Enquirer: 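Provided herewith is a single structure, encoded as structure tokens, for subsequent inquiry.
As the structure is a computational prediction, the values presented were derived from the model and not from experiment. For the numbers below, each heavy atom of this structure counts, side chains included, while hydrogens, waters and symmetry mates do not. Just so it is clear: chains get the letters A, B, ... in the order the sequence lines come, proteins before strands, and each one is counted from 1.
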Number of protein chains: 2
Amino acid sequence: MINRENGVACYQQLSQILIEQIEKGIFKPGSQLATEIELSKRYRLNRHTVRQAIERLEDEGLVYKIKGKGTFVASDKINYKVSKRTSFTTSILDVGLNPDARLLDSYEIAAGKELSKRLNIQSSDRVIVLEILRFVNKTPFCHTTSFLSKTKFPELRSLISGSFSLFGLLKKHYGVDALRKSSTFEVSMPESSDMDMLNISPKVPMLAVKSISKDQKGGMVEYCITKFRGDMCSVSVDFNGEGR
Amino acid sequence: MINRENGVACYQQLSQILIEQIEKGIFKPGSQLATEIELSKRYRLNRHTVRQAIERLEDEGLVYKIKGKGTFVASDKINYKVSKRTSFTTSILDVGLNPDARLLDSYEIAAGKELSKRLNIQSSDRVIVLEILRFVNKTPFCHTTSFLSKTKFPELRSLISGSFSLFGLLKKHYGVDALRKSSTFEVSMPESSDMDMLNISPKVPMLAVKSISKDQKGGMVEYCITKFRGDMCSVSVDFNGEGR
DNA sequence: TTTGTATAGATGTATAGACAAGTTGGAGGC
DNA sequence: GCCTCCAACTTGTCTATACATCTATACAAA
């Protein structure tokens, strides 16, 4: 199976073989791959060479490993839609899946240099920080950190408990109708907190989306950073639609 | 420097040390890191362990390696702006850099199942494919593959040579005013063609953007896939602005 | 029934050595 | 002066071995 004369590295050949097997659907999502030792025997390669090959598949998000258990085939990507008005819940329901969310933490900090610029406030002003973990079919999917001015929304923290319709809350209690103004997309690798919360390995690249929302008068409402598992989703932007 | 009793893997400790040194700016972009053997001597680690550590930095796009030469610190990310009307050239000029482009190839294919759906044409219809490589400061930056209906733009291929203002061309010759309607963002790993064209290693994740543009009557104009180097840029979306 | 222990098997980490292949610069020949 | 070629140095690949750590299971002990 492995050609040792054609100049192509053994681990790359094995990567290719495994990728083809997965893409042909020989293994279903969630099913276990052959163990490293099995593969090393079958293809007459050293276990480390096999590990190099599987590392590539991990990089591409095709498989994931669990220490002590084995290597498993990953699932397909979920398409997540974003527009001026986006709700996580409806966006996930639209694609026939089961959304859920948990408020991990809410606290206050001083704005500081960076945030004061983003939120257009003084750097000594207080900022409310909300950390929300969202799930799709019980699996951690993305992690959002929201920043809002405490001056504008003084009682927000006590209001939010239980409810995650942040924009609904802002409208109801403050009469603020927030609209997404811009989003910045970036590839980033997970920090250790991301790895814990989303239960991923350091090798899974993340899609980081930084968004700015304003009210209808153009006043800053929210600056938020959402980190998606790059292996689990793509994110679509609609330049016209109102979304919902 | 390396603590061998605290349960943290040596290669992770070394990764952390190197990341901090880079982020503090001890090494400037483009400068060479210590060689693997130097690091292994300095920190009393095996060369393979050092390689594991550097692999992490490579994953995060902090460094890049050149076989036979060494390991080098990568540059900061460029912010690339996208809106309804986006021109690569002006977007790059806006951030004070020097844009350039090259038409790699132009050819025709039958639409087939996938493309016919995207472009809203028959699967037997002909499709014009344009492959464009774009540069920033002489460095390959992104690779765009555009798909347009040949029925709508029959002579496009002969018109395009030399000029890369595709939308300008469409307006001038066909009276079509194209607007971006939606974009889908996704993390993907480079294929071998990407690695060749953008001159990157298989470890650099890419930001893939699939965009749909329509004319003002809502007719499909273009479906295109742009792959950015994830280590070189972030992409911003403006939900309102006309851009330019 | 519950708890603890032992074991096998899986991935994770670290070390050692060897050779391949690309890059560079200098010695030596012209 | 110019060129070729070789040696030294770099990263890339492969093998071999050892032990750590986590999971699952089986079985004994409380």
Enquirer: Can you tell me if the side-chain N/O atoms of A:Y11 get under 4.0 Å from OP1 or OP2 in D:dT13?
Expert: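 Yes, A:Y11 has a side-chain N/O under 4.0 Å of OP1/OP2 on D:dT13.
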Enquirer: In whole angstrom, what separates B:K41's NZ from C:dA16's P?
Expert: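 Rounding to the nearest Å, NZ of B:K41 and P of C:dA16 are 13 Å apart.
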Enquirer: Counting only side-chain nitrogens and oxygens, does B:T49 get under 4.0 Å of the OP1 or OP2 atom of C:dT15?
Expert: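 Affirmative; the distance criterion is met.
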Enquirer: Calculate the interatomic distance between A:E55 atom CD and D:dG12 atom P; express it in whole Å.
Expert: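 Answer to the nearest Å: 13 Å.
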Enquirer: Does a sphere of radius 6.0 Å around NZ in A:K77 hold more than 12 heavy atoms from other residues, nucleotides or ligands, not counting ones at 6.0 Å or beyond?
Expert: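 It does: A:K77 NZ has more than 12 such atoms within range.
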Enquirer: Please report the shortest heavy-atom distance between B:C10 and B:L45, naming the atom on each side.
Expert: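 Closest pair (atom of B:C10, atom of B:L45, distance): CB-CD2, 3.8 Å.
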Enquirer: Measuring from the side chain of A:R4 (C-beta onward, heavy atoms only), which nucleotide among C:dG12, D:dT10, D:dT15 has the closest atom?
Expert: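 So the side chain of A:R4 is nearest to D:dT15.
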Enquirer: Would you say B:R51 places a side-chain N or O within less than 4.0 Å of OP1 or OP2 belonging to D:dT11?
Expert: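 No, because none of the side-chain N or O atoms of B:R51 sits under 4.0 Å from OP1 or OP2 of D:dT11.
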Enquirer: On DNA chain D, compare the nucleotides closest to B:K65 and A:I66; which residue's is nearer the 5' end?
Expert: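 So the residue in question is B:K65.
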Enquirer: Under a 3.5 Å cutoff, is there a donor and acceptor pairing between the side chains of B:N79 and B:S234?
Expert: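 B:S234 and B:N79 do have a side-chain donor-acceptor pair below 3.5 Å.
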Enquirer: Side chain of B:E36, heavy atoms from C-beta onward: which of D:dT11, C:dA14, C:dT15 has the nearest atom to it?
Expert: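 Selected nucleotide: D:dT11.
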Enquirer: Any donor-acceptor pair under 3.5 Å between the side chain of B:R47 and the base of D:dG12?
Expert: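 By the distance-only test, yes, there is a pair.
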Enquirer: Take the protein atom NZ of B:K67 and the nucleotide atom P of D:dT11, then report the distance between them rounded to whole Å.
Expert: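 My rounded result for the distance is 12 Å.
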Enquirer: So among B:L39, B:I22, B:I2, which one has a side chain to side chain contact (heavy atoms under 4.5 Å, CB included) with B:I17?
Expert: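 Answer to the side chain to side chain contact (heavy atoms under 4.5 Å, CB included) test with B:I17 among B:L39, B:I22, B:I2: B:I2.
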Enquirer: Of all the choices, D:dT13, D:dT10, C:dA10, which nucleotide is nearest to the side chain of A:E38 once you look at every atom?
Expert: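 Shortest atom-to-atom distance from the side chain points to C:dA10.
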Enquirer: Choosing from C:dA16, C:dA14, C:dT11, which nucleotide comes nearest the side chain of A:H48?
Expert: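 Given the options C:dA16, C:dA14, C:dT11, the side chain of A:H48 is closest to C:dA14.
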Enquirer: Would you indicate, yes or no, if C:dG22 has its OP1 or OP2 atom less than 4.0 angstrom from a side-chain nitrogen or oxygen of B:K69?
Expert: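 No.
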Enquirer: Rounded off to whole Å, could you give me the OH-to-P distance for the A:Y64 and C:dG12 pair?
Expert: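 Rounded to whole Å, this separation is 14 Å.
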Enquirer: Should the heavy atoms of other residues, nucleotides or ligands under 6.0 Å from NZ of A:K227 be counted, would the total exceed 12?
Expert: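 It does: A:K227 NZ has more than 12 such atoms within range.
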